[in-house]
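Have a look at the structure below before the remarks.
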Amino acid sequence: MGQQEPLIMQIYCRLEVAVNDPDVIAKLAGQQLREADIDWSRKEEDLEEAVHQLESDLQEALACVVEQNRMTEHLSGVEPRGGLVFTAFGKPDDRFRPGFTDFL
């Protein structure tokens, strides 16, 4: 029996969280940015500007520290290939409710 091509699937997830200490999220996001292997010589801003911008934007900071690959880390035979994490304030958009079908 030959090697079978993997089945590519998408996981859609919405998770509501209560952020009790935005400073902790901001500092963690800034720390992770500082530790990232980024060549800042090719960027418009420098490291400290980027850290300041990230720490000033709770939505972006939270999206940056969420580790979506951890959702599948204990599932053998499943390889995370990438993903998108974004955050929003307030109630969920109707497009992210079960049964919503108007995609276009």
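- Under the 4.5 Å side-chain criterion, counting only non-hydrogen atoms from C-beta, V17 is in contact with V19.
- When the side chains of ILVMFWY residues are joined at heavy-atom separations under 4.5 Å, either directly or via intervening members, L15 and L62 end up in a single hydrophobic cluster.
- Annotation: side chain of P6 is not in contact with side chain of E79 (no heavy-atom distance under 4.5 Å).
- Minimum heavy-atom separation, Q59 to A88: NE2-CA, 3.6 Å.
- Side-chain contact between T72 and H74 is absent, with no heavy-atom pair separated by less than 4.5 Å.
- From K43, atom NZ reaches atom CD of E49 across 13.5 Å, with rounding to the nearest 0.5 Å.
- The two residues E60 and T87 make their nearest non-hydrogen contact at N-OG1, 4.4 Å.
- Summarising the geometry of E45 relative to Q53, their closest heavy-atom pair is OE1-OE1, 3.9 Å, with the distance given to 0.1 Å.
- In this structure, W40 and D46 have side chains that are not in contact, with every pair of non-hydrogen atoms separated by 4.5 Å or more.
- Taking 4.5 Å as the limit, every side-chain heavy atom of I11 sits out of range of all side-chain heavy atoms of Q68.
- When hydrophobic clusters are built by joining Ile, Leu, Val, Met, Phe, Trp and Tyr residues whose side-chain heavy atoms come closer than 4.5 Å, directly or via intermediates, L28 is grouped together with L58.
- Linking ILVMFWY side-chain heavy atoms closer than 4.5 Å, directly or via other members, places M71 and M9 in two distinct hydrophobic clusters.
- Remark: E48 engages R34 in a salt bridge, criterion side-chain N to carboxylate O under 4.0 Å.
- The closest side-chain heavy-atom distance from C64 to L54 is below 4.5 Å.
- Taking NE2 of H52 as the start and CG of L33 as the end, the distance is 13.0 Å to the nearest 0.5 Å.
- Q31 and E35 share a side-chain donor-acceptor pair at under 3.5 Å.
- Between L47 and I38 there is no side-chain heavy-atom pair separated by less than 4.5 Å.
- Closest heavy-atom contact between A26 and A61: CA-CB, 4.2 Å.
- Other residues, nucleotides and ligands contribute at most 12 non-hydrogen atoms within 6.0 Å of the CG atom of D37.
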